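Quick note on labels: first sequence line is chain A, next is B, and so on, each numbered from 1. Note that the coordinates shown come from a computational prediction; the quantities given were computed from them, not determined experimentally.
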2 protein chains.
Amino acid sequence: MADETTKRTLPATSWAVLGLLSFGEELSGYDLKKWSDRSLRFFYWSPSFSQIYSELKRLEKAGYASSRLVAQETGTREKRVYRITDEGTAAVRAWARETPVDPPVLKHGPMLRLWLGHLLEPGQMREVLLRHQEFAEKMRLRAMADAESAKDEAAWAYPALTLKWAERYYASERDLAAATLDDVAALEGRRP
Amino acid sequence: MADETTKRTLPATSWAVLGLLSFGEELSGYDLKKWSDRSLRFFYWSPSFSQIYSELKRLEKAGYASSRLVAQETGTREKRVYRITDEGTAAVRAWARETPVDPPVLKHGPMLRLWLGHLLEPGQMREVLLRHQEFAEKMRLRAMADAESAKDEAAWAYPALTLKWAERYYASERDLAAATLDDVAALEGRRP
DNA sequence: ACTAACATGTAAAGCGTTACATGATTTA
DNA sequence: TAAATCATGTAACGCTTTACATGTTAGT
């Protein structure tokens, strides 16, 4: 272990990155970003490249991850890959078990626009909601496709459950947008 | 107007605060925070006191809001109240109409835990989901209560629609938690 | 050979929170 | 009158992104 002061007070994003490593693979920052975009993205915002790189440094400093440089097959450039340590596994397990779960954070642009509906033309409000509906359906399909390719692999059972959740979540988002479109139509109809 | 450089490039939170002012009332930072907690909160995270205060300063600097000091009835302490300017109204309207809506941002702690299910005991996972279910139902009831008290006031028609949306959204969150509890039970049942 | 996309980082700027400081008002 | 709550801010800190720098690989 190293640097006692930075222990157990890490921000949620650090734990998310350490969580990615907790599946046991040895990964580079770039790998982690790509994987994060395809998994966390559905229910947790995916951190930027630069943040992943700095989180990795912090995790290594805390003794939760170790890194080594590996030479590319043909090229001359080296890359740094990270692996979780035993202490890191213990720490992320303790975090997952003991730290109280805080309520979900939502920043829902389309609803902010609806809330400011008095500033928009009816057609514009409709446009915003239609776009959101499309977005939700696209996300649902992605989650479905990923769930398909991950099924029956016991090691990914829990990630697969989050994909199932995401599929339902974005279906609900899509339907809520549709319902709100009706509500807006009714409102505009009452006083045109 | 003032400070041309800070115009139209404000972060979303600034527009949210200016949006609060766009309903026309003259409000203090404290008022805005309270109102924000009871309205934006359901679909957009509510900024802290300190951020609201600094956003107000920025809005005033940009010429989108004006402030004045008012003396309290009996006390000696003064407070600063803000009102949107004509230019601010035009700006927030232009923002709402022209700025592309970016996809919702979600940081869903319970799902992050589920994703890391391999680190938890089954009972702990169940506990997390139950807590989330309770949270969702509490939010749903709040949205419902607020919608009741806001109905039939034409000026709040759009905010009322967001409360209706929130009521459905948190109902869905509650149901998704229940469904996921079943999924987890099935998973654990298959390999105990 | 050139371009676009892939890959690995660093540096600077800005967003947002927590902690702190201060005073007024209500309640016990 | 003491404590708790309401109310109004400021300052410091830390998280996070955007912009930048640099080299590599694959397609045309």
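- Look at A/Trp45 and you'll find a side-chain N or O under 4.0 angstrom from OP1 or OP2 of D/dT17.
- Atom P of nucleotide D/dG9 and atom CD of B/Gln51 are separated by 16 Å, given to the nearest angstrom.
- A straight line from CZ of A/Phe49 to P of C/dA7 spans 8 Å, rounded to a whole angstrom.
- The separation between A/Leu32 atom CG and C/dA7 atom P is 13 Å, rounded to whole Å.
- Nucleic acid contact class of B/Ser54 (heavy atoms, under 4.0 Å, all strands): none.
- Side-chain N or O atoms of B/Glu137 include none that pairs as donor or acceptor with a backbone N or O of B/Ala171 at under 3.5 Å.
- Across the protein-nucleic acid pair, A/Glu60 atom CD and C/dG9 atom P stand 11 Å apart, rounded to whole Å.
- Ranking C/dG16, D/dT8, D/dT18 by closeness to the A/Ser48 side chain, first place goes to D/dT18.
- A/Lys34 comes within 4.0 angstrom of the backbone, heavy atoms only, and of no base.
- Among the nucleotides D/dT17, D/dG9, D/dC6, the one closest to the side chain of A/Pro47 is D/dT17.
- For the 3.5 Å distance criterion, the side chains of A/Ser22 and B/His118 qualify, holding a donor opposite an acceptor.
- In this model, a donor atom of one side chain and an acceptor atom of the other lie less than 3.5 Å apart for B/Asp31 and B/Ser28.
- The side chain of B/Lys79 sits closest to D/dT8 out of D/dT8, D/dT10, D/dT16.
- Each of B/Asp182, B/Asp183, B/Asp175 was checked for a salt bridge (Lys or Arg N to Asp or Glu O under 4.0 Å) with A/Arg168, and the lone residue meeting it is B/Asp183.
- For B/Glu55, the side-chain atoms get nearest to C/dG16 when compared with the rest of D/dT8, C/dG9, C/dG16.
- One finds no salt bridge joining A/Arg142 and A/Asp146 here, because no Lys/Arg side-chain nitrogen approaches an Asp/Glu carboxylate oxygen to under 4.0 Å.
- Between A/Leu27 atom CG and C/dA7 atom C1' there is a gap of 15 Å when expressed in whole angstrom units.
- Annotation: ring pair (Phe, Tyr, Trp, His ring centres under 6.0 Å) contacts of B/Phe49 (sequence neighbours excluded): B/Tyr30.
- The side chain of B/Tyr30 lies closest to D/dA7, out of C/dG9, D/dT16, D/dA7.
- Close to C/dG16, at under 4.0 Å from its OP1 or OP2, lies a side-chain N or O of A/Lys107.
- Closest to the side chain of B/Lys57, from the set D/dT17, D/dT10, D/dT16, is D/dT10.
- What separates CG of B/Asp37 from P of C/dT17 is a distance of 11 Å, to the nearest Å.
- Closest to the side chain of A/Ser50, from the set C/dG16, D/dT10, D/dT17, is D/dT17.
- Phosphate proximity of D/dC15 to A/Arg58: present, with a side-chain N or O under 4.0 Å from OP1 or OP2.
- Phosphate contact (OP1/OP2 of D/dT16, side-chain N/O of A/Thr13, threshold under 4.0 Å): present.
- Across the protein-nucleic acid pair, B/Asp31 atom CG and D/dT8 atom C1' stand 11 Å apart, rounded to whole Å.
- In this structure, B/Ile52 atom CD1 and D/dA7 atom P are separated by 14 Å, rounded to whole Å.
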